[in-house]
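I have placed the structure first, in the form of structure tokens, so that the comments after it can refer back to it.
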Amino acid sequence: MDQEEQDKALPIANVGRIMKQNLPPSAKISKEGKQLMQECVTEFISFVTGEASDKCHKENRKTVNGDDICWALSSLGFDNYAEAISRYLHKYRQAEREKIKNNHKKYEGSATKSLNQTQLILAPPPSLSRVTHDKLQNPPTTDQS
């Protein structure tokens, strides 16, 4: 793999880490094995993304989304992967909706709390208001005799 291809590939340390997860702890992976897997996954990603991109181009769209990747996997004969990725995509979207919903609730709660605090600061206590009102209506007189 030349330098340009190497720059476009997944980092070999990440590839090795992923490979290690599926091996017994005592297993070793040769540099050649990691490099070969790096080339394979890079080619696979390019292959699937290219198919999804072609679909988007035919539909006059510029953005490849998760559904396009699922479609590409299926159209390329990777039905098992397409089904698994579709399930993941569904769960991912649910989690994102929940996160947005929770952030929205959190924001509403803090805005309400902030508004209540502002109202407390701006509105003087009733007893103080009465005293101030009385002083304005009946100012103290100074005896200048």
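Source: prediction; values computed, not measured.
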- Message: Return the NZ to CG distance between Lys28 and Leu23, rounded to the nearest 0.5 Å.
- Response: 11.5 Å
- Task: Could you give me the CA-CA distance, side-chain angles and deciding distance for Ile29 and Met37, then say whether side chain to side chain contact (heavy atoms under 4.5 Å, CB included) is met?
- Result: CA-CA 11 Å; Ile29 306 168; Met37 184 59 73; over 6 Å; no
- Message: Let me confirm one number: the CZ-CZ distance from Phe44 to Phe78, rounded to the nearest 0.5 Å.
- Response: 4.5 Å
- Query: About how many Å separate NZ of Lys34 and NZ of Lys20, when rounded to the nearest 0.5 Å?
  - Reply: 8.0 Å
- Under 3.5 Å, is there a donor-acceptor pair between the side chain of Ser86 and the main chain of Ala82? yes
- Query: Got a second to check how far Ser53's OG is from Lys62's NZ, nearest 0.5 Å?
  - Reply: 12.5 Å
- Task: For the pair Ser75 (side chain) and Ala72 (backbone), establish whether a donor and an acceptor sit closer than 3.5 Å, ignoring hydrogens and angles.
- Result: yes
- Query: Ile85 and Val41: same hydrophobic cluster, using ILVMFWY side-chain contacts below 4.5 Å?
  - Reply: no
- To the nearest 0.5 Å, how far apart are CD in Glu59 and NZ in Lys55? 4.0 Å
- Does Leu10 share a hydrophobic cluster with Met19, counting links as ILVMFWY side-chain heavy atoms below 4.5 Å and allowing steps through other members? yes
- Query: Taking Asn102 for the side chain and Lys99 for the main chain, is one N or O donor matched with an acceptor at less than 3.5 Å?
  - Reply: no
- Item | Nearest heavy-atom neighbours spanning Asp67 and Asn65 | N-OD1, 3.0 Å
- If you group Ile, Leu, Val, Met, Phe, Trp and Tyr by side-chain heavy-atom gaps below 4.5 Å, do Tyr81 and Val48 land in one group? yes
- Task: Check for a donor-acceptor pair, side chain of Gln38 on one end and backbone N or O of Pro11 on the other, with a separation under 3.5 Å.
- Result: no
- Evaluate the side-chain proximity of His57 to Asp54: yes if any heavy-atom separation is below 4.5 Å, no if none is. no
- Item | Smallest separation among heavy atoms of Phe47 and Leu76, with atom names | CZ-CD2, 3.5 Å
- Note on the structure: Taking every heavy atom of Val64 against every heavy atom of Ala52, the minimum-distance pair comes out as CG1-CB, 3.8 Å
- Query: Is the shortest distance from a Lys or Arg side-chain nitrogen in Glu96 or Arg93 to a carboxylate oxygen in the other one below 4.0 Å?
  - Reply: no
- Item | Spacing of Thr42 atom OG1 and Ile45 atom CD1 [to the nearest 0.5 Å] | 6.0 Å
